[in-house]
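Following: one structure in structure tokens, then a few remarks.
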There are 2 protein chains.
Amino acid sequence: MQGEHGAAIAGLPTYADVARAAERLAGAAHRTPVLTSRTADAMTGAKLFFKAENLQRAGAFKFRGAYNAISALPEAARTRGVITFSSGNHAQAIALASRLLGAPATIIMPEDAPAAKIAGTRGYGAEVVLYDRYGQDREALGRAIAEPRGLTLIPPFNHPDVIAGQGTLAQELIETAGPLDVLVVCLGGGGMLAGCALAAAELSPGCRVIGVEPETGNDGQRSFRDGRIVTIPVPRTIADGAQSTALGALTFGIIRERVSDIVTVTDAQLAETMRFFASRMKIVVEPTGCLAAAAVLHGQVDVRDKRVGVVISGGNVDLATFARLTAGTA
Amino acid sequence: MQGEHGAAIAGLPTYADVARAAERLAGAAHRTPVLTSRTADAMTGAKLFFKAENLQRAGAFKFRGAYNAISALPEAARTRGVITFSSGNHAQAIALASRLLGAPATIIMPEDAPAAKIAGTRGYGAEVVLYDRYGQDREALGRAIAEPRGLTLIPPFNHPDVIAGQGTLAQELIETAGPLDVLVVCLGGGGMLAGCALAAAELSPGCRVIGVEPETGNDGQRSFRDGRIVTIPVPRTIADGAQSTALGALTFGIIRERVSDIVTVTDAQLAETMRFFASRMKIVVEPTGCLAAAAVLHGQVDVRDKRVGVVISGGNVDLATFARLTAGTA
């Protein structure tokens with residue numbers, strides 16, 4: 001999977017895939033605003049451009065990859081339908097994208113997932129299948145449903161069209177803000193980081209791309225440094241969208257080639273960043289969506305005198321949790 | 001003050017003043033995003049365009065009028081400085097605009113104003129003078145400070161350059177969204193409603209312009225219907241930015257000519273709208289900023305099958321109040 005720096009690597013998506021995804025997403029995804037804050041600039045000595053994917057449809061960047069992947073299916077496969085495993089933003093993104101594209105969607109969720117997320121996913125018209133995460137084999141259940149119906153699995157990050165779809169947000173950011181010195185991206189399974197790295201390498205050559213993980217969930221950082229995919233137990237963190245336990249082969253293949261560094265932040269820094277976004281920038285950001293900004297605001301990334309893109313990945317947090325975390329009692 | 005419909009009225013600002021304000025504000029004010037929501041569209045049967053002035057500098061549309069008014073001062077007057085009375089968004093807007101334009105600012109605030117607002121205003125570098133609102137004559141105090149120093153009073157709404165500055169938000173909204181059938185605007189003292197009505201009449205002829213007040217603070221609605229300025233006691237409402245007791249002569253002069261109707265909403269509808277903005281659109285909006293949207297979402301304005309501009313006026317609400325109101329225990 002390894003290739004020369006800057007060259008396309010066999011089997012991995014390239015910038016051409018991002019460009020094709022941007023065409024598919026035009027008019028379907030929101031072109032989310034790029035926000036600036038003199039306060040944040042003064043705190044960091046940088047010129048910061050925040051890409052507000054919390055204002056994306058279904059509340060997170062995930063809609064981009066989901067819509068792109070389902071759009072790319074042959075007509076017959078789309079008519080049969082898609083299936084995924086997720087209790088988070090990917091579930092709602094697949095549900096909404098499927099509805100828009102006329103593909104039946106089945107989402108397998110743990111039966112103890114938050115009622116609001118189950119209801120939200122059903123609200124977009126998806127069929128939700130609940131399973132007992134302590135007693136049932138999720139993969140076996142998925143196969144038992146998918147095979148007789150010929151459903152296509154759309155995984156949350158390790159898929160070329162998902163990666164390419166997420167990369168469109170960096171393309172829009174660079175189109176709006178101009179060339180960047182640094183692009184800082186939230187990191188869970190790596191779909192967004194990989195896609196953004198492809199776009200940045202093409203559209204803002206020389207831009208450093210930095211991934212940010214929760215301190216307790218630093219599998220990406222360890223994988224990046226060790227040069228192999230490191231798997232960790234499910235991490236405890238308020239960043240519930242970054243509780244993945246390992247990068248995928250595709251996302252790791254791109255990240256090891258295109259990303260400059262991976263840093264981490266604490267849950268306390270995430271909560272403080274949520275408060276900053278709410279009180280100063282007037283936006284609701286979920287804990288995972290604060291990863292990149294927390295690293296920038298807390299000095300984990302060298303940004304002084306630089307033009308810096310900062311991805312806000314999503315805003316799906318229930319209001320009680322939001323109130324608790326922004327009250328500073330996390 | 002009355003004139004023929006559509007004609008300029010002596011002494012009142014016109015669209016030309018809005019256009020000049022837009023030139024002064026270019027690069028100083030944020031061009032705030034226009035947000036859309038398929039959910040809100042589905043709820044109302046309309047195509048809604050939300051102008052997000054909660055994302056404006058200092059957190060509210062007030063920056064536009066303040067910056068325009070101070071910019072318009074002769075150099076000598078600007079160097080001597082400006083003064084205003086306000087405990088709200090106008091205070092912070094004047095403080096920030098003054099700092100940017102090199103004008104010393106004095107803000108007279110009641111000594112029982114929220115500590116956060118006093119600190120915020122001082123944080124922008126303004127001199128804050130506190131007074132006892134039960135025992136001291138505010139106007140006399142203002143004159144005693146202003147006269148020896150030659151300070152210029154910038155009132156919160158009843159001023160041609162303030163009205164013209166606020167109108168720039170409607171100009172931007174129509175430039176971005178295209179022609180509108182209806183424009184719905186929050187109403188306190190009427191600076192924003194008057195300025196937006198000037199812009200809409202010029203840039204989207206035939207657009208109905210609707211003002212929205214709190215039910216308990218319906219002086220504007222009564223004035224509009226009676227054809228004279230009606231003064232009411234300070235109303236009890238969570239919309240603290242719309243607790244003005246009367247329109248001004250200038251704002252009323254424009255509103256009676258250019259506005260189609262004024263409607264009201266309840267505090268419960270405002271709180272519900274705050275929850276909608278936070279949970280569905282991922283933005284923090286103060287109660288006053290919800291006025292226009294609350295009227296649209298609760299059927300107070302006929303919007304079905306129409307293209308509708310909805311102004312979100314500000315986002316300055318402390319996080320504890322935000323948590324309380326969005327928890328539904330208002």
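So you know, we letter chains A, B, ... as the sequences are listed, proteins then strands, and number each from 1. FYI, side chains are in, hydrogens and waters are out, and symmetry mates aren't considered; it's all heavy atoms of this structure.
Here the side chain of B:E53 pairs no donor or acceptor atom with the backbone of B:V311 at under 3.5 angstrom. Judged by distance alone, with hydrogens and angles left aside, the side-chain atoms of B:N54 form a donor-acceptor pair with the main-chain N or O of B:V284 at under 3.5 Å.
Checking A:S71 against A:R24 by side-chain atom types alone, no donor-acceptor pair falls below 3.5 Å. Of the N and O atoms on the side chains of B:T326 and B:R275, not one donor lies less than 3.5 Å from an acceptor on the other residue.
With a 4.5 Å cut-off on non-hydrogen atoms, A:N316 touches chain B through its backbone and its side chain both. Within the 4.5 angstrom heavy-atom criterion, only side-chain atoms of A:F322, from C-beta onward, approach chain B. Contact of A:A320 with chain B is not made at all, since no heavy-atom distance falls under 4.5 Å. With a 4.5 angstrom heavy-atom cutoff, A:L319 touches chain B only via side-chain atoms. Contact of B:L35 with chain A is made through the side chain alone, with heavy-atom distances under 4.5 Å. For A:T32, no part sits under 4.5 Å from any heavy atom of chain B, backbone or side chain. Proximity to chain A (any heavy atom under 4.5 Å) is shown, for B:T36, by both the backbone and the side chain.
Residues B:I283 and B:F50 are not in side-chain contact: their nearest non-hydrogen atoms beyond the backbone lie 4.5 Å or more apart. Looking at heavy atoms from C-beta onward, A:C290 lies in side-chain contact with A:L270 at the 4.5 angstrom threshold.
For chain B, the option among A:A278, A:S279, A:S37 with the highest count of heavy-atom pairs below 4.5 Å is A:A278. Considering only heavy-atom pairs separated by less than 4.5 Å from chain B, the leading option among A:M281, A:R280, A:R57, A:E286 is A:R57.
A distance of 4.0 Å separates OG1 in A:T121 from CE in A:M109, rounded to the nearest 0.5 Å.
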